[in-house]
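To find a chain, count down the sequence lines: A is the first, B the second, and so on, and within it residues start at 1. Atoms considered below: every heavy atom in the structure, side chains included; atoms not considered: hydrogens, waters and symmetry mates.
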Amino acid sequence: MKYNPQKIEKKWQKRWKDSNLYQAKDKSKKPKKYLMVEFPYPSGDGLHVGHVRSYTALDVLARKKRMEGYNVLYPMGWDAFGLPTENYALATGIHPIKITEKNIRIFKRQMNSLGLSFDWSREINTTDPSYYKWTQWIFLQFFKKDLAYQREMPINWCPKCKIGLANEEAIGGRCERCGAQTEMRLKKQWLLKITEYADRLIDDLGKVNYAGKIKTQQINWIGRSEGTAIKFKIQNSKQYIEIFTTRADTLFGVTALVLAPEHPFVASLLKIKNQKSKIKNYEEIKKYIKNSKKKSEFERTQLEKEKTGVFIGAYCLNPANNEKVPIWVGDYVISTYGDGAVMVVPAHDKRDYQFAKKYNLKIKEAIKGGYISKEAYVDYGVLINSGRFNGLKSEQAIKKITDWLIEKKSGKRTIQYKLRDWIFSRQHYWGEPIPIVHCEKCGLVPVPEKDLPIKLPYVKKYEPTETGESPLAKIEKWVKTKCPKCQGPAKRETDTMPNWAGSSWYFLRYTDPKNKKTLADFEKLKYWLPIDLYNGGMEHTTLHLLYSRFWHKFLYDLKAVPGPEPYERRYSHGVVLAEDKRKMSKSFKNVINPDEIVKSHGADSLRIYEMFMGPFDQTISWSSQGLQGCSRFLKRAWELKSKVKSQKSKVKVKIQNYNDLERLVHQTIKKVSEDLENLKFNTAVSSLMILANTLGELKEIPNRYYKIFLILLSPFAPHISEELWEKLGNKKSIFLEPWPKYDFKLIETETFQMIIQVNGRVRDKIEAPKSLSEKEAKELALSQEKIKKWMVGQTPKKVIYIPGRLVNLVI
RNA sequence: GCCGCGGUGGCGGAACUGGUUUACGCGCACGACUUAAAAUCGUGUGGGAGAAAUCCCGUGUGGGUUCGAGUCCCACCCGCGGCACCA
C-alpha cells in the first residue's frame, strides 16, 4: 500500500478527538509540564505558516514529554478582541461576535488538520463574558490600588481609525493597524502604572530563563538610568528648575539650560502679563511654542536635523559655581522624560555641541582629553576647570559632585526610566468595557465585583464617534446607570480596554477555565505554574510579554498567584518569509496557505519541513523544494515497513556490522532527546533521516529498531507514525509508549578513527583502540607509510595526543 | 548613533569544551528502470592542478594567541533585528 497522507491523517485526527489522549489532568501524581504558545488573534486570513512553525515545535515537545511520563498542559485559545474584527464588521455589517465565531471555526479546523495535540477541553476566548469578567476584575484591583488612573494627556491619535494609540501602537508615527499618519490630541485616558514595577521587571529577569536577546530588549525598553537631579535657582526668583543628568561630572561645563515647550516654567512665563515688557522676544517665544505643539511627538523626535530653540530672556544660577546660565526653550527636549529640562554641556555632549554652535553658546571644557574646538568629547576622563573637583576621574566625580550637591540641598540621586505608563483606554466598541461609573457626586466609582461582568451591549451600530468618544457613548440606555455608592444618576465609562488586556493573564485561566468564583483556583495555579516554556514572536517582547509580566507581579502582590514570574522559559521562533525572501503578504501574492500544503503533501510533511527548515529561532524563507525533500523522507519511512521482519518470524536477521546498527539506534535516541530539550528541531530531524537512510540499506529491518525509529519520529509526524505503528500489529496508540532510553555503553566504541596530523595538517586517518597511550599513538603514527613520507630524515620535536581524537606530530 | 544577533559550498544549513570544515536536505551531473517523460533507485558533487596517487588554497577582511582557530583576542567591513534627540 502506498503512503496516502490525506487518508490516514483524517483517520487519526478523528480517533485522537474521540480519545482523551491529550487532556491534562488536574489531579495527577505525575510531574507536570506546562507548555504554551501565544494564542492567536483569529483574523479572517486564517493560519499563517509562521503559526504552524511555533505550534508544531511545542507540539513536538508536548508529545515527547507525555511519552516521558509527564502530565502535560498544552492549551489553546483565542485573543479575539481587536480592531480588525471591528473594522471588518463596520465594512460588512456583520456583528463582531459572528465574525469571531466564524474565524475561530476556521482556525480550529486548521489546527486540527495539522494534528496538533491541544487540550481543547480548556479552550478559552477573551471575548467571552465569563472570561472578561476576570479581566475586568483585575482592572478593578488596579483601580483600588491606585495603579489605574485617568489623566488628560496628549496621545497619538489615528484620524482614520479614530482611535487613541499607545506609543507602541504608533510605531514610526503611523497607526499600527491602518498605517495612517498619527497626530497628537489631548484626551482623558486611563493609564496603568507599569512604571511602578519598572525595577522589578528588570531585576526579576535574573530569575527566569529567557533567550538573551529577549532580556536585553526588555531592559533597553524599560531604559533605567541612574543619575542626579540638580536644582538650578532662577535669577531674581525663588523658583527652581530641576534637571536630570547622568553626567554630574560635567556640571562645571554647563553654559545653558533648555526646557521643553511644555515645561511649567515656560507656561508661567507666558501667562504673566507684565513679563511681556520685560521679555523682549515675547512674541518669538510664543510663536515657537505654538509651532512645536503642532508637530506630533514623532515629528519632533524624528527630525535628526538641526535642533532649534529660543532664548527666553531669563537666567538661572549654576549651583556649582553660581555662574549665570541662560535659559532656553527647545523642542528637542522631551517633556515626559525627567522634568522636561536639561543642562547644556556643549563640550561633552553631541547634541549640546550642535545646539551651542548654532546659537553661539559658550563651550566650556570640563573633562580633559578631547579636541573641543572640533567636536564634543563624550567619554569619561579627568576633570578640569571644575574647582575643587579638578583631577578627579569622571566616575568618582559623578559620585562626589552628587554628594556635594546633596549636602547643599541642590540635588539628589534619582533614577529615570524610558518606560511610560501604559495608556489603557481605547475609544472603540470591540473590547472589554472598563468597569467604572462616573457619578456627579462621588466621582469615579468602581463597579461592585458582584455586578461583573459589565457586558458589552449587543448593538447594530458601532461606528466611532466624530468627537473621538467610544461608540458605546452613543448607547444611551447602556450609559445611563445608577451610582453604586449613592444610587444617584451616573454614567458608565464608555472607553474599552486595549487588545493587550485579555492576553495579559490568559495563561492563568487555562489552569481552571470554568471557575466562576475566582480567576483560577489557587491550588491549581500552584500545581501548574510557572509555565515551563512559552513560545511566541519576537515582536511581542516589549508589549505583550512585558505587560503580562507586569500583571502577574501585581497579582502576585495581591496573593492571587503563587509566584512572581509567569514564564520560567521564553523562546521566540523566527519569522517564516515567502520563497522570494520577502514578508508574506496578500499584496505580494506570495502567501503560503497551510491548507494547501496539507492538501498537497500532508500535515506530517509540513510539520517535518517546518522543523527541519532551519534553526527554530532564525528567520527562514519558505522553500517548496525543501518541503519536497521532507515529503520524500516520509515516503521512504513508510516504505521501510515492507522490510520489517516481525519478532515472531523465524527468519533470522542477518546484518553485517550489527553492532554498528545498534550503536546508531542508540546514538539517534540520544541525539533526538537532547536536541529537543535544546529546541534544536532541525538537527533532530536530520538524525532521524540518517537512521532511516541506514535502515533503508538493510535487506531486512529488525522489528525492534523500526519500532524505536517510529517512536522517535512520532512527535514530529504523528499521523504516519500512528498508522505504521498500527500496521506493526500494535493495538494501543504509539503515544502511550514510553520514550526510549539509550544505553551509554552501546554508544561507546572501543576503537576510534585517529587523525594523524603533521604540523597541524591531516595526513592520514587510521582505526585505533581508545586505550592507546601517547607513546603507542606516536609509534603507530610514525609506522604509517603516508606519515613516513613526511618524516623523511626528521624526528618529531613535539607530539600532541588527544585520546579518542588525534595525534599531531610537530617537526 | 547605541544595544543585540549573524557572515561557512550553487542554496537552507551542520560542526561537542579550540582538534577530520561542509552532517542532513535541496540543487546539479552521470548512470539504472522506461518507447519516452515524471517518479524512484544508484554514484558523484568546496575551489584549483593532475591520468592517478596526491598536493595546494579555502568558514566576510586584516592582524594576533596556539602544535592546531569557523570556534578565543584586537581592529575593520557587510547583513538582519530592536531602540533612537531618553540628557
Item to check | C1'-based separation of B:C2 from B:U65 [nearest Å] | outcome: 31 Å
Item to check | Upstream residue (5' side of RNA chain B) when A:Lys350 and A:Gly223 are each assigned their closest nucleotide | outcome: A:Lys350
Checklist entry - Relative to each other, are the rings of A:His540 and A:Trp500 parallel, tilted or perpendicular (30° and 60° limits)? => result perpendicular
Checklist entry - Does a nitrogen or oxygen in the side chain of A:Ser686 sit under 4.0 Å from OP1 or OP2 of B:G13? => result no
Checklist entry - Looking at B:U20, B:G12, B:A14, which one has an atom nearest to any side-chain atom of A:Gln753? => result B:U20
Item to check | Distance below 4.0 Å between A:Trp622 side-chain N/O and B:C26 OP1 or OP2 | outcome: no
Checklist entry - Which is true for A:Lys213 with a 4.0 Å heavy-atom rule: it touches a base, it touches only sugar-phosphate, or it touches nothing? => result sugar-phosphate
Item to check | Polar pair under 3.5 Å, donor/acceptor by atom type, side chain A:Gln625, base B:G25 | outcome: no
Checklist entry - Considering only heavy atoms, which members of residues 798-811 of chain A lie under 4.0 Å from some atom of RNA chain B? => result A:Lys798, A:Ile800, A:Ile802, A:Arg805, A:Leu806, A:Asn808, A:Val810
Next on the checklist: Below the 4.0 Å mark, does B:A23 have OP1 or OP2 next to a side-chain nitrogen or oxygen of A:Asn693?
Outcome noted: no
Next on the checklist: If the glycosidic angle sits within 90 degrees of zero it is syn, else anti. Tell me which applies to B:G9.
Outcome noted: syn
Checklist entry - Would one find a side-chain N or O of A:Arg636 under 4.0 angstrom from OP1 or OP2 of B:A39? => result no
Checklist entry - Taking the same atom, P, in B:G58 and in B:A52, what whole-Å distance lies between them? => result 23 Å
Checklist entry - How close do A:Ala341 and A:Glu242 get, heavy atom to heavy atom, and via which atoms? => result CB-O, 3.7 Å
Next on the checklist: Would the base of B:U20 count as contacting A:Gln757 through its side chain, where contact means a donor and an acceptor less than 3.5 Å apart?
Outcome noted: no
Checklist entry - So does A:Lys418 get a side-chain nitrogen or oxygen closer than 4.0 Å to the phosphate oxygens (OP1/OP2) of B:A84? => result no
Checklist entry - Which parts of residues 670-678 of chain A get close to RNA chain B, meaning a heavy atom less than 4.0 angstrom away? => result none
Checklist entry - How far does the C1' atom of B:U22 sit from the matching atom of B:G12, given to the nearest Å? => result 13 Å
Checklist entry - A:Gln217 has a side chain; which of B:G82, B:C24, B:C56 sits nearest to it? => result B:G82
Checklist entry - Any side-chain N or O of A:Arg761 under 4.0 Å from OP1/OP2 of B:U54? => result no
Checklist entry - Hey, do the aromatic rings of A:Phe355 and A:Tyr332 have their centres closer than 6.0 Å? => result yes
Checklist entry - Taking only side-chain nitrogens and oxygens of A:Arg632, does any of them come within less than 4.0 Å of OP1 or OP2 of B:U40? => result yes
Checklist entry - NA contact type, A:Ile755, heavy-atom cut-off 4.0 Å: base, sugar-phosphate, or nothing? => result base
Next on the checklist: Given B:C3, B:A15, B:C85, identify the nucleotide with an atom nearest to the side chain of A:Lys307.
Outcome noted: B:C85
Checklist entry - Using atom C1' of each nucleotide, how far apart are B:G9 and B:A29 to the nearest Å? => result 16 Å
Checklist entry - Of A:Tyr337 and A:Ser687, whose nearest nucleotide on RNA chain B comes first from the 5' end? => result A:Ser687
Item to check | Main-chain N/O of A:Val345 paired to A:Asp352 side chain as donor or acceptor, under 3.5 Å | outcome: yes
Next on the checklist: Is there a side-chain contact between A:Gln618 and the phosphate of B:G13, meaning an N or O under 4.0 Å from OP1 or OP2?
Outcome noted: yes
Next on the checklist: Check this one for me: any side-chain N or O of A:Asn682 less than 4.0 Å away from OP1 or OP2 of B:A14?
Outcome noted: yes
Checklist entry - Does B:U45 pair with anything, Watson-Crick or G-U wobble, both distances under 3.5 Å, and if so, with which nucleotide? => result B:G27
Item to check | B:G1 - base-pair partner by Watson-Crick or wobble geometry, distances under 3.5 Å | outcome: B:C83
Item to check | Spacing of the C1' atoms in B:C78 and B:C24 (rounded, Å) | outcome: 29 Å
